[in-house]
Amino acid sequence: MEIKNNVWNIKDKYVMITGATSGIGLAAIKELAHKVKGLGLIARNEIKARIVADDIREATNGKMHVDVFIGNMSSQETIRELAHQILLKCTKIDVLINNAGALFENHQITDEGIEMTWALNHLGPYLLTMLLLERLNECDSARIITTSSHGHKMAKRGIDFNDLNAERKYRPFRKMMGEATLRYAETKLANILFTAELGRKLKDTGVRTYCYDPGLVATNFNRNNGRLAHMTMDVMKIFSLSPEKGAETLLWLIESSQITNQTGCYYANKRIQVPSVQAQDKIAAEQLWRISEEQTKVTFPL
């Protein structure tokens with residue numbers, strides 16, 4: 001299905017984004033505040049979210065409509081309640097940005113029995129997208145954008161579907177081998193496979209899917225994992241992009257009319273890029289989809 005005349009005018013768009021209070025998400029919404037019709041901010045910290053929303057309203061002299069939704073994107077129960085609130089309040093969603101993500105040094109399990117990195121970085125975007133998909137599809141055209149990473153290439157063996165809770169990866173004697181980082185890489189690979197498979201499923205609708213690599217960006221990422229991780233990120237900051245630079249491809253994906261009839265692709269530096277061989281595996285994408293349905297008990301709604 002082609003969007004009529006390839007027209008994509010963001011002035012009348014409502015944009016929903018997770019991870020909106022820091023880093024790339026915050027940089028993006030500051031730029032969007034002067035361009036779009038409305039913003040929906042999804043964040044875990046209510047105080048930070050309210051401050052960001054107030055700052056945006058002040059910067060636009062009260063002209064920008066900003067909604068704030070509070071929720072933990074690693075909790076399926078919370079995401080279901082969050083989606084319910086969004087659907088009650090938002091009559092349209094033109095762009096959904098799955099941006100929240102983290103790396104966890106230590107093995108953690110959610111209340112639903114899911115390993116935390118997988119729950120937050122993959123199942124969170126999958127579940128929220130499925131629950132909001134019908135609302136997105138009500139628009140003549142809509143976009144779903146997911147923040148991935150160049151780091152997906154570290155998952156050279158693909159996703160270990162036989163160790164979904166990463167119990168082998170987080171064995172104490174393996175921590176020095178960077179297995180937590182490998183787990184993160186698997187989730188970023190999952191973002192690309194999810195985007196591709198969702199794009200195939202939505203090919204006959206007006207909804208398009210995209211994912212992107214923001215590059216190495218100086219954010220609060222990985223600063224939740226103790227002193228050593230904090231020091232490592234301080235060193236890496238020297239070589240990192242600013243959040244504003246890191247958000248450039250995201251903003252381009254939100255604004256550009258050039259990509260209107262592209263879908264399911266992976267981008268960096270404002271152009272389509274070829275991801276790893278593992279990220280191009282359609283069989284793995286289908287398997288990931290089946291597992292996501294099983295773990296969330298939510299299927300494709302259209």
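For this chain, numbers begin at 1 and follow the sequence in order. Everything quoted here is computed from the prediction, not taken from an experiment.
- For the atom pair NZ of Lys270 and CD1 of Ile259, the computed distance is 12.0 Å after rounding to the nearest 0.5 Å.
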Apply side chain to side chain donor-acceptor pair (under 3.5 Å) to residues Thr147 and Tyr212 and explain how you reach the verdict. CA-CA 6 Å; Thr147 303; Tyr212 74 103; 2.9 Å; yes

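- Listed here is the closest heavy atom pair of Tyr184 and Ser149: OH-CB, 4.1 Å.
- Under the rule for a side-chain contact (heavy atoms from CB on, under 4.5 Å), the partners of Asn162 that lie at least two apart in sequence or sit in another chain are Asp160, Arg168.
- Asp55 places no side-chain N or O within 3.5 Å of a backbone atom of Ala59 that could act as its donor or acceptor partner.
- Proximity of Ile79 to Met73: side-chain heavy atoms (C-beta onward) are separated by under 4.5 Å at one or more points.
- The same ILVMFWY cluster, assembled from side-chain heavy atoms under 4.5 Å apart, contains both Ile17 and Trp8.
- Taken together through direct or relayed side-chain contacts under 4.5 Å among Ile, Leu, Val, Met, Phe, Trp and Tyr, Ile272 and Leu250 form part of one hydrophobic cluster.
- Asp213 pairs by the side-chain contact (heavy atoms from CB on, under 4.5 Å) definition with His150, Tyr266, Ala268, not counting sequence neighbours.
- A distance of 14.0 Å separates NZ in Lys48 from CG in Leu41, rounded to the nearest 0.5 Å.
- Between the side chain of Ser148 and the backbone N or O of Asn191, no donor-acceptor pair lies under 3.5 Å.
- Residues meeting the side-chain contact (heavy atoms from CB on, under 4.5 Å) test with Arg200, sequence neighbours left out: Ala196, Glu197, Lys282, Ala285.
- When every heavy atom of Lys13 is checked against every heavy atom of Asp94, the shortest pair comes out as CA-OD2, 3.3 Å.
- Donor-acceptor pairing under 3.5 Å is recorded for the side chains of Asn98 and Thr129.
- Screening Val95, Thr91, Val36, Asp67 for a side-chain contact (heavy atoms from CB on, under 4.5 Å) with Tyr14, the sole residue that qualifies is Asp67.
- The backbone N or O of Ala20 lies less than 3.5 Å from no partner atom in the side chain of Asn99, so there is not a single donor-acceptor pair.
- Distance check: Ile97 CD1 to Leu253 CG gives 9.0 Å after rounding to the nearest 0.5 Å.
- Sequence neighbours left out, the pairs with a member in residues 111-128 that pass salt bridge (charged side-chain N to carboxylate O under 4.0 Å, His left out) are Glu115-Arg183.
- Under a hydrophobic clustering in which Ile, Leu, Val, Met, Phe, Trp and Tyr are joined whenever their side-chain heavy atoms come within less than 4.5 Å, directly or via other members, Val68 and Leu26 fall into different clusters.
- In this structure, Glu77 does not pair ionically with Arg80, as no charged nitrogen and carboxylate oxygen lie closer than 4.0 Å.
- Shown here are the side chain to side chain donor-acceptor pair (under 3.5 Å) partners of Ser75, two or more places apart in sequence or in another chain: Thr78.
- No donor-acceptor contact under 3.5 angstrom links the side chains of Trp252 and Glu248, judged on distance only.
- The hydrophobic clustering, which links ILVMFWY residues whose side-chain heavy atoms are closer than 4.5 Å, places Ile114 and Leu164 together.
- Separating the CG atom in Leu103 from the CG atom in Leu120 is a distance of 10.5 Å, to the nearest 0.5 Å.
- Residues Ser276 and Leu189 come closest through the heavy atom pair OG-CD1, 4.3 Å.
- Hydrophobic cluster membership is shared by Tyr126 and Ile93, with clusters built from Ile, Leu, Val, Met, Phe, Trp and Tyr side chains linked at under 4.5 angstrom.
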List the atom pairs, with distances to 0.1 Å, where a side-chain N or O of residues 295-302 and a protein N or O form a donor-acceptor pair under 3.5 Å, not counting sequence neighbours.
| unit_1 | atom_1 | unit_2 | atom_2 | d |
| --- | --- | --- | --- | --- |
| Gln295 | OE1 | Trp118 | NE1 | 2.9 |
| Thr296 | OG1 | Ser292 | O | 2.7 |
| Thr296 | OG1 | Val298 | N | 3.3 |

